[in-house]
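To keep things clear, I will list the structure first and then write my remarks on it.
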Amino acid sequence: MEVIFLKFYITTPIYYVNSDPHVGSAYTTIIADIIARYKRMMGYDVFFLTGTDEHGQKILQAATNAGKDPQSFCDELAGRFKKLWKKLGITNDGFIRTTDQDHMKVVQYFVKKMMENGDLYKGEYKGWYCVPCESYWNEEEIGAERLCPSCGRELKYITEENYFFRLSKYTDALLEHYRNHPEFVQPDFRRNEMLKILEGGLKDLSITRTTFKWGVPMPDDPEHVIYVWVDALINYISAIGYPFDTEKFNRYWPADLHLIGKEINRFHSIVWPAMLISVGLPLPKTVFAHGWLTVDGQKISKSLGNAIDPSYFVEKYGNDVLRFYLLRDINFGKDGDFSEKNLVNRLNSDLANDYGNLLHRTLAMLEKHYSSVLPEPKEHDEIDERFKEDVMQRVKEYEKLMEEYSLTQAVEKILEILMLSNKYFDEKRPWILAKQKDFSRLSTVLYNTCEALMKVAVMFSPIMPDSSREVLLRVGFDWGPSKELLDRWGILKPSVRIVHGKPLFEKKEFATEKKESEPRMDDLIELDEFKKVKLRTAKVLSAERVPKSDKLLKLIVDVGDLGQRQIVAGIAKYYEPESLVGKTIIVVVNLKPAKLMGVESQGMLLAAKDSTNLRVLTVDGDIAPGATIS
RNA sequence: GGCGGUGUAGCUCAGAUGGUCAGAGCGAGUGAUUCAUAAUCACUAUGUCGUGGGUUCGAAUCCCACCGCCGCCA
């Protein structure tokens, strides 16, 4: 009889250690962790791998700049990644470094095998090369400036003898695989991009370098160092024992999911599979290329200084909140914007209000009316039954969505349960039942709400492990989340002791105060937008108070070729009408007319205001009324 | 330059095969309620479904053109 065993091998990219980890790498790793935890909960034997990519010219450069030898530089950076993952609650089973001796041996073994299979040949490369990017560029790609299309730096024309991988040979095999395995590359729009490349035919790939030494030496030809990407990709199999620990390797390979960012899709969806075919290994089941994060609408970049340190958010809001926010607010797969303001919104409304408060109000009543002992549900009606069905339906949908990596949609199902539960609670009015001493119905309401909350905590547990554990403890569980807890209604044992406890999530305020002199990047406007505002100089011909208003003055101004305008302005507290006459002021002339206290205003004058005073803007010296301002 | 995608309420976005598809959440407003973390529940969107044409009895949904943004490739 065949024993069915469920395994799940998931990987993140190995991160390039030329700088500290930022939200981008944290995002990928957190998502992978969520999937890994989910699969474990569902009973899979999970192997979750992450690690660091430590070879190549750029690392060498970064190490040199830091005044360190490359290995100790890498050791330090790899340590920082490990530390951050620990802080983020990442449950990786392996951490691979490409400078591990074991890994380097496997790379050589792998490349040798490609060679034996006739997939490598020595060729001469002539052309433009970007040293920092370790990339070759075609003449057509670089333009007249001869700058690197990727980093913008100067290119060198070089002639180099390299080993090439016969990537072109695998075009058809890959196309075939794409056709037979529509789930191979996700999301589907990424798959289509790769298909287009394949349909255009592949070129052979240069896979060694001779200009530096920081890498894995080519077997039997140590003048050559293996291209960093080839080195890096092999991590996915070297980390699980290929080719020496066959038991472990056969257990986990092929990978179920390579989770990556969209920028490295081509290496994972074309180059890597071709390499695997070359040595006769099965291909990973799915490559999922997620989108990029922007921060407050801006691309993450060092020059903008917005490369956020994820630790900041963990310390300020807690790990659960950060993880929840990333899944909830950034539609997994697409690009999305990371903003602290939205994070606080989600924390307050979804977590503190809908989730934490529901738990709190439920447990408070149990404490008060049942001395913190979960009662047995008694009388029930069609509302109770419908509630159970609605919840269980969401549970099933959640499982389905998680399976297909629709993570954001899966979270929405959990939140739907919370909304249903709050609604159920309000419909049933347990506080009224308590006053009426209707314990037969009160017990049912409180039990059902607890059961729903337990399910929510279980569903949330891959995403928010800490708070989920807390909720489970409070409703009387001292063991971890598992699939069984989701399978049917009525898991909670009556008579178990519950714990009321403190609010689960504390609300936060997001300080929006900004220095006006320091506009944030997201406040910037296009020149076009500014140009929409038509400003002119205007000479004040007359000024008088608007009757029955202590704020408004009515001015008649001369705007040169635009004639005279009547402007109503709220400056009466700061100016005597007559003192304005004769002044040349600045007015907006294309503002929609508006009526203030029944008086039409055909424009707006500009004024500067601080906490105590207001002064009308004027011009420096004489200029004709109606002069344009730009 | 080629190919692909996208443009829907203030914000973030859902809207197979054209006909309750004009929606959800957040924010805002009104009401209810008081068990609870000023929480919850109900009700409220006159949105040119980017613009202009076309096909059709009928289009956010199909076709063409244009504008904007994005991606992949070159």
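The model shown is predicted, which means the values in this text are computed figures rather than measured ones. Per chain, numbering begins at 1; letters A, B, ... match sequence-line order.
- If you take CZ of A/Phe387 and P of B/C41, they are 12 Å apart, rounded to a whole angstrom.
- Tested against A/Leu366, the residues A/Cys450, A/Pro430, A/Ser443, A/Ser372 include a single side-chain contact (heavy atoms from CB on, under 4.5 Å) partner, A/Cys450.
- Remark: B/A28 base-pairs with B/U44; criterion is Watson-Crick or G-U wobble with both hydrogen-bond distances under 3.5 Å.
- Each of A/Asp354, A/Asp320, A/Asp350 was scored for a salt bridge (charged side-chain N to carboxylate O under 4.0 Å, His left out) with A/Arg328, with one residue passing: A/Asp350.
- In this structure, A/Glu427 atom CD and B/C35 atom C1' are separated by 16 Å, rounded to whole Å.
- At the heavy-atom level, A/Lys435 lies under 4.0 Å from the strands shown only through sugar-phosphate atoms.
- With a cut-off of 3.5 Å on both Watson-Crick or G-U wobble distances, the partner of B/C73 is given as B/G1.
- When the C1' atom is used for both B/G58 and B/G25, the distance is 31 Å, rounded to whole Å.
- Atom-to-atom, CG of A/Leu358 to P of B/C41 comes out at 9 Å; the value is rounded to the nearest Å.
- A straight line from CZ of A/Phe505 to P of B/A39 spans 16 Å, rounded to a whole angstrom.
- Pairing for B/C13 goes to B/G23, judged as Watson-Crick or G-U wobble with the two contacts each under 3.5 Å.
- Mapping A/Ala352 and A/Asn348 onto RNA chain B by nearest heavy atom places A/Ala352 closer to the 5' end of the strand.
- To the nearest whole angstrom, the two P atoms, one in B/A14 and one in B/C62, are 16 Å apart.
- B/G54 and B/A59 have their P atoms separated by 12 Å, given to the nearest Å.
- Residue A/His258 forms a ring-ring contact (aromatic ring centres under 6.0 Å, His included) with just one option from A/Phe184, A/Phe267, A/Phe288, A/Tyr236, and that option is A/Tyr236.
- Set against B/U37, B/G71, B/C41, the side chain of A/Arg190 has B/G71 as its closest nucleotide.
- Along RNA chain B, the nucleotide nearest A/Ile197 and the nucleotide nearest A/His500 are compared for position; the residue whose nucleotide lies closer to the 5' end is A/His500.
- Using bins of under 30°, 30° to 60° and over 60° for the plane-to-plane angle, the ring pair A/Trp431/A/Phe425 lands in the tilted bin.
- A/Leu363 comes within 4.0 angstrom of nothing in the nucleic acid, heavy atoms only.
- Put simply, A/Lys423 has a side-chain N or O that comes within less than 4.0 Å of OP1 or OP2 on B/A42.
- Annotation for A/Arg469: atom CZ does not count as buried by contact number, only 12 or fewer foreign heavy atoms lying within 6.0 Å.
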Short heteroatom pairs, N/O only, protein and nucleotides 21-27 of chain B, under 3.5 Å:
none

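- Side chains of A/Thr444 and A/Asp384: a donor-acceptor N/O pair is absent below 3.5 angstrom, by distance only.
- For the C1' atoms, the distance from B/C72 to B/C43 is 47 Å, rounded to whole Å.
- Pair check for B/A60 finds none; no Watson-Crick or G-U wobble contact set falls under 3.5 Å.
- Separation of the P atoms belonging to B/G27 and B/U40 is 8 Å when rounded to the nearest angstrom.
- Spacing of C1' atoms, B/A39 relative to B/A32, comes out at 15 Å, to the nearest Å.
- In this structure, A/Phe313 has its ring center at least 6.0 angstrom away from the ring center of A/Tyr325.
- A/Glu193 places its CD atom 12 Å from the P atom of B/A74, with the value rounded to the nearest Å.
- A distance of about 11 Å separates the P atoms of B/U51 and B/A9, rounded to the whole Å.
- One atom, CG of A/Leu446, and another, C1' of B/C35, lie 9 Å apart when rounded to the nearest Å.
- One finds the CD atom of A/Glu416 at 10.5 Å from the CG atom of A/Leu418 (value rounded to the nearest 0.5 Å).
- Taking atom P on both B/C67 and B/C21, the two are 35 Å apart, rounded to the nearest angstrom.
- Atoms NE2 and OG1, on A/His500 and A/Thr362 in that order, are 9.0 Å from each other to the nearest 0.5 Å.
- The CG-P distance, from A/Asp426 to B/U33, rounds to 12 Å in whole Å.
- Applying the Watson-Crick and G-U wobble criteria (two distances, each under 3.5 Å), B/A39 pairs with nothing in any strand.
- B/G7 is paired with B/C67 under the Watson-Crick or G-U wobble criterion, all donor-acceptor distances under 3.5 Å.
- Nucleotide B/A36 holds its P atom 19 Å from the CD atom of A/Glu506, rounded to whole Å.
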